[in-house]
2 protein chains.
Amino acid sequence: MTTQQDLLDTLAQVARGLGNGHRLALLERMAQAEASVDTLASTTGLTVGNASQHLQQLRRAGLVTASRSGKQMIYRLTDERIITVLSLLRQVAETNLAEMERLVSRLFSDDDADGALETVSQSELLAGLESGEVALLDVRPVEEFQAGHLPEAINIPLEQLEAMLEKLPRDKQIVAYCRGPYCALSHEAVQRLRELGYRVRRFEEGFPEWKAAGLPIQ
Amino acid sequence: MTTQQDLLDTLAQVARGLGNGHRLALLERMAQAEASVDTLASTTGLTVGNASQHLQQLRRAGLVTASRSGKQMIYRLTDERIITVLSLLRQVAETNLAEMERLVSRLFSDDDADGALETVSQSELLAGLESGEVALLDVRPVEEFQAGHLPEAINIPLEQLEAMLEKLPRDKQIVAYCRGPYCALSHEAVQRLRELGYRVRRFEEGFPEWKAAGLPIQ
DNA sequence: CTATCATTCTATTAAACGCTAGAATAGCAG
DNA sequence: CTGCTATTCTAGCGTTTAATAGAATGATAG
């Protein structure tokens with residue numbers, strides 16, 4: 001029965017969609033919010049032509065779909081489960097590839113010497129929100145916030161952090177989040193807010209993972 | 001920060017490990033039981049040299065590890081979560097690629113016209129086992145059965161099905177399972193047993209998925 | 001210490017991938 | 001219809017991947 005191998009080959013084709021760093025960046029961006037080719041290209045630093053080709057490939061792999069809106073093509077993920085796949089892949093990579101561990105610690109341990117920047121897990125965050133002791137800070141750009149965010153989150157894009165401090169409550173523990181575990185925005189925000197005397201911690205995941213877990217969003 | 005992209009590139013390297021049909025076949029085989037290069041090569045129909053190269057690549061991707069046992073190298077999955085990744089990938093592929101759906105139906109709908117061969121889900125199976133109404137039949141080869149199987153399962157490798165019928169209870173509903181959703185063994189077994197008058201159905205997944213779900217094994 | 005078996009390494013070839021740059025197409029505004 | 005913008009298509013070039021065959025290495029049994 002050669003159909004067996006055909007199935008695996010087709011499945012492999014889907015996996016190959018994930019087999020390139022630029023395509024992963026595109027998928028991660030689409031996990032925040034659907035977007036046009038142009039937007040996707042500029043937020044990932046690719047030329048438009050190159051981004052378009054990668055998007056075609058993702059489309060052939062069944063990972064994204066596109067629809068036309070006026071002059072623009074809007075791309076989005078076909079499936080919530082893709083976020084879960086990426087999340088698991090990340091876990092597998094972190095536990096089994098030394099290289100991965102090295103890169104992750106390089107990304108985050110700049111001045112984490114005192115362990116003060118430790119993260120908040122999903123369950124801890126849920127408990128904190130429940131009890132009303134925690135205020136949520138979303139440091140992603142406005143467009144991504146508007147396409148969906150955690151409940152009650154306050155949006156202050158990182159560039160405007162100092163300018164919009166009055167939006168943050170002084171009396172609560174603050175938890176900052178952004179695009180996902182490897183997104184540096186919330187990490188940066190935590191450092192800057194700590195220097196200003198706020199009690200802040202970082203959510204260890206991001207908006208897409210929260211959404212894929214089936215938790216409520218706005 | 002170029003570390004961001006380095007992380008995605010490393011992650012992409014892991015995904016590329018899954019990006020080839022032969023490697024998926026090797027992974028699926030290792031999900032049943034660890035095995036030597038030689039065994040893996042012959043069960044997947046690859047030359048030993050070629051299988052070895054694919055295994056090196058899986059090793060570099062952090063998906064498998066190897067240890068020496070006498071003259072042989074024994075390969076195994078590094079991580080239970082790999083099975084979950086494959087499972088999700090399969091779901092994404094089935095819902096979003098027409099080609100995939102076509103192949104799956106070709107594999108199974110030979111003479112399923114009356115819908116009699118419908119499958120049993122994990123939760124249904126658990127309920128059936130609980131109530132004692134169901135007997136489990138494992139139609140995989142003996143070595144794979146011995147490396148792990150569902151609780152109370154009776155092992156009759158497909159080739160010996162008719163020869164070992166006396167091991168099957170006549171008074172219970174029988175549920176057959178094998179390597180996974182695309183494995184044809186249990187499908188074939190169900191058809192043959194039905195012709196002999198047994199009440200048989202097919203478990204829609206397989207041993208690796210059961211194990212990865214954290215359910216008890218023997 | 002040599003013969004044998006299991007595996008890995010090396011060289012080679014064909015195909016697939018990733019990128020660039022420029023041409024072609026689709027939708028829209030005037 | 002013309003010009004403008006967003007996107008896709010095409011050709012070309014260098015790199016990576018997959019397969020094969022044969023040489024090299026490692027472990028063990030005599």
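This is a predicted model, so every value here is computed, not measured. We name chains A, B, ... by the order of the sequence lines, and we start the count at 1 in each one.
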Nearest-Å distance, [atom1] ([X]) to [atom2] ([N])?
X	N	atom1	atom2	result
B:Arg68	C:dC5	CZ	P	16 Å
A:His54	D:dC9	NE2	C1'	16 Å
A:Leu40	D:dA6	CG	C1'	13 Å
B:Asn50	C:dC9	CG	C1'	14 Å
B:Leu58	C:dT8	CG	C1'	15 Å
A:Met73	C:dC28	CE	C1'	16 Å
B:Asp38	D:dA27	CG	P	18 Å
A:Leu18	C:dC17	CG	P	14 Å

Ignoring backbone atoms, test whether B:Ser52 places a side-chain nitrogen or oxygen under 4.0 Å from the OP1 or OP2 oxygen of C:dT8. yes
OP1, OP2 of C:dG18 versus side-chain N and O of A:Asn20: anything below 4.0 Å? yes
Between A:Tyr75 and A:Arg16, which residue's closest nucleotide on DNA chain D lies nearer the 5′ terminus? A:Tyr75
Go nucleotide by nucleotide along DNA chain C from the 5' end; which of B:Ser36 and A:Lys71 gets its closest nucleotide reached first? B:Ser36
Lys/Arg-Asp/Glu bridge criterion (N-O < 4.0 Å) met for [X], [Y]:
X	Y	result
B:Glu99	B:Arg102	yes
B:Glu28	B:Arg179	no
A:Arg90	A:Glu94	no

Proximity to the side chain of [X] - top-ranked nucleotide from [options]:
X	options	value
B:Val37	C:dC19, D:dA19, C:dT7	C:dT7
A:Val48	C:dT7, C:dT20, D:dT7	D:dT7
A:Gln57	C:dC19, C:dG18, C:dT7	C:dG18
B:Arg23	C:dT20, D:dT7, D:dA18	D:dA18

Taking any heavy-atom pair under 4.0 Å as a contact, classify B:Gln53: base, sugar-phosphate, or nothing.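 Base, at least one base heavy atom under 4.0 Å.
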Between the side chains of A:Ser186 and A:Arg202, is a donor N or O closer than 3.5 angstrom to an acceptor N or O?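 On atom types as modelled, these side chains qualify, holding a pair under 3.5 Å.
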Can you measure from CD (A:Glu209) to CD (A:Glu204) and round to the nearest 0.5 angstrom? 10.0 Å
